[in-house]
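No hydrogens, no waters, no symmetry mates; every other heavy atom, side chains included, goes into these values.
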Amino acid sequence: MAIKLEHVVPFGRSLGEYQAMFDLTPCDLSKRILGVGDGPSSFNAEMTALGHFVLSIDPLYRFTRQEIKHQFDAVVDGIIAQVSSTPADWAWTYHKSFEDLKINRMAVLQTFLADYVQGKNQK
Ligand SMILES: C[S@@+](CC[C@H](N)C(=O)[O-])C[C@H]1O[C@@H](n2cnc3c(N)ncnc32)[C@H](O)[C@@H]1O
């Protein structure tokens, strides 16, 4: 196993990663989307900013903004350390290095958190 995680970790991907991961087309993005387990992904925030509709559900959303940030901060360096110690287990096509991976994950979290309170209040 490449890395070992003791708990579900609040790591999130960006809209660009979702597009690549799910092969989402512009037509797909124009639909009303239910994101199950979106966690601290910036998919919803980025899509909303573009005028699209995404409803995200995740047990993580019972926590406050500060609690989610704290959970991320508590695990990020340990996960990156595990990834950096097993470089051959990963494809470095999207993220160019483990430093790049950390920077991207932190940027995604920032985008998610900036939209979190407002997004939860949207009907
Ligand atoms: C590693 S994060 C990935 C988040 C997002 N899917 C992404 O790819 O960026 C996994 C998420 O799955 C959520 N999760 C775990 N069990 C779930 C469940 N039964 N229903 C919905 N979400 C769940 C966790 O709370 C966590 O936020």
S.K.: Less than 4.5 Å apart, side chain to side chain, heavy atoms only: is that true for Ser14 and Asn104?
M.R.: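 Side chain of Ser14 against side chain of Asn104, heavy atoms only: no contact under 4.5 Å found.
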S.K.: Enumerate the residue pairs fulfilling salt bridge (Lys or Arg N to Asp or Glu O under 4.0 Å) with a member in residues 10-28, sequence neighbours excluded, ordered by first and then second residue.
M.R.: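 Applying salt bridge (Lys or Arg N to Asp or Glu O under 4.0 Å) to every pair that reaches into residues 10-28, excluding sequence neighbours, yields Glu17-Arg105.
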S.K.: Looking at Val117, is its backbone amide N or carbonyl O close enough to the side chain of Asn121 to form a donor-acceptor pair, meaning the two atoms are under 3.5 Å apart?
M.R.: yes
S.K.: Please check if Tyr116 and Val76 belong to a single hydrophobic cluster, counting links between Ile, Leu, Val, Met, Phe, Trp and Tyr side chain heavy atoms closer than 4.5 Å.
M.R.: yes
S.K.: What about Leu109 and Val9, same hydrophobic cluster or not, with Ile/Leu/Val/Met/Phe/Trp/Tyr joined at side-chain heavy-atom distances under 4.5 Å?
M.R.: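 Shared cluster, yes.
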S.K.: Among residues at least two apart in sequence or on other chains, which ones pass side chain to side chain contact (heavy atoms under 4.5 Å, CB included) with Thr93?
M.R.: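 Applying side chain to side chain contact (heavy atoms under 4.5 Å, CB included) to Thr93 gives Ala91.
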S.K.: Would you kindly confirm whether Ile80 and Val108 end up in one hydrophobic cluster when ILVMFWY residues are joined by side chain heavy atoms under 4.5 Å apart?
M.R.: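 In one cluster with Ile80: Val108, no.
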S.K.: For residues 44-56, please give each side-chain donor-acceptor pair under 3.5 Å, one per line with the distance, not counting sequence neighbours.
M.R.:
{"unit_1": "Asn44", "atom_1": "OD1", "unit_2": "Thr48", "atom_2": "OG1", "d": "3.0"}
{"unit_1": "Asn44", "atom_1": "ND2", "unit_2": "Val54", "atom_2": "O", "d": "3.0"}
{"unit_1": "Asn44", "atom_1": "ND2", "unit_2": "Ser56", "atom_2": "OG", "d": "2.9"}
{"unit_1": "Glu46", "atom_1": "OE2", "unit_2": "Leu15", "atom_2": "N", "d": "2.8"}
{"unit_1": "Glu46", "atom_1": "OE2", "unit_2": "Ser42", "atom_2": "OG", "d": "2.7"}
{"unit_1": "Thr48", "atom_1": "OG1", "unit_2": "Asn44", "atom_2": "O", "d": "2.8"}
{"unit_1": "His52", "atom_1": "ND1", "unit_2": "Leu29", "atom_2": "O", "d": "3.2"}
{"unit_1": "Ser56", "atom_1": "OG", "unit_2": "Asp38", "atom_2": "OD2", "d": "2.6"}

S.K.: Nearest 0.5 Å, what's the NZ-CG distance between Lys96 and Leu101?
M.R.: 12.5 Å
S.K.: Consider only side-chain heavy atoms of I, L, V, M, F, W and Y, link residues closer than 4.5 Å, and tell whether Ile79 and Tyr94 are in one cluster.
M.R.: no
S.K.: Salt bridge (Lys or Arg N to Asp or Glu O under 4.0 Å): which pairs involve residues 49-66, sequence neighbours left out?
M.R.: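 As it turns out, there is no salt bridge (Lys or Arg N to Asp or Glu O under 4.0 Å) pair with a partner in residues 49-66 once direct neighbours are skipped.
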S.K.: Show me the pairs that pass ring pair (Phe, Tyr, Trp, His ring centres under 6.0 Å) and involve residues 9-39, at least two apart or across chains.
M.R.: Phe11-Phe72, Tyr18-Phe22, Tyr18-Phe43
S.K.: Hey, any chance Leu113 and Val75 share a hydrophobic cluster, counting ILVMFWY side chains that come within less than 4.5 Å of each other, even indirectly?
M.R.: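 Same hydrophobic cluster.
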S.K.: Rounded to the nearest 0.5 Å, what separation is found between the CG atom of Asp115 and the CD atom of Gln122?
M.R.: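 Interatomic distance, Asp115 CG to Gln122 CD, rounded to 0.5 Å: 6.5 Å.
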S.K.: Does Val8 sit in a hydrophobic cluster with other residues, and if so which ones, taking ILVMFWY side chains as linked at heavy-atom separations under 4.5 Å, directly or through other members?
M.R.: none
S.K.: According to side-chain hydrogen bond (donor to acceptor under 3.5 Å, both in side chains), who are the partners of Trp90, at least two apart in sequence or on a separate chain?
M.R.: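 Trp90: side-chain hydrogen bond (donor to acceptor under 3.5 Å, both in side chains) contacts with Thr86.
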S.K.: Kindly give the heavy-atom pair with the smallest separation between Cys27 and Ser30, and that separation in Å.
M.R.: O-OG, 2.7 Å
S.K.: What residues, two or more places apart in sequence or in another chain, satisfy side chain to side chain contact (heavy atoms under 4.5 Å, CB included) together with Ser97?
M.R.: Glu99, Asp100
S.K.: With sequence neighbours left out, which residue pairs that include part of residues 71-87 fulfil the salt bridge (Lys or Arg N to Asp or Glu O under 4.0 Å) condition?
M.R.: Lys69-Asp73, Asp77-Lys102
S.K.: Could you work out the complete set of other residues in the hydrophobic cluster of Ile103, with links drawn between I, L, V, M, F, W and Y side chains under 4.5 Å apart?
M.R.: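 Grouped by the 4.5 Å side-chain rule, Ile103 forms a cluster of one, so the answer is none.
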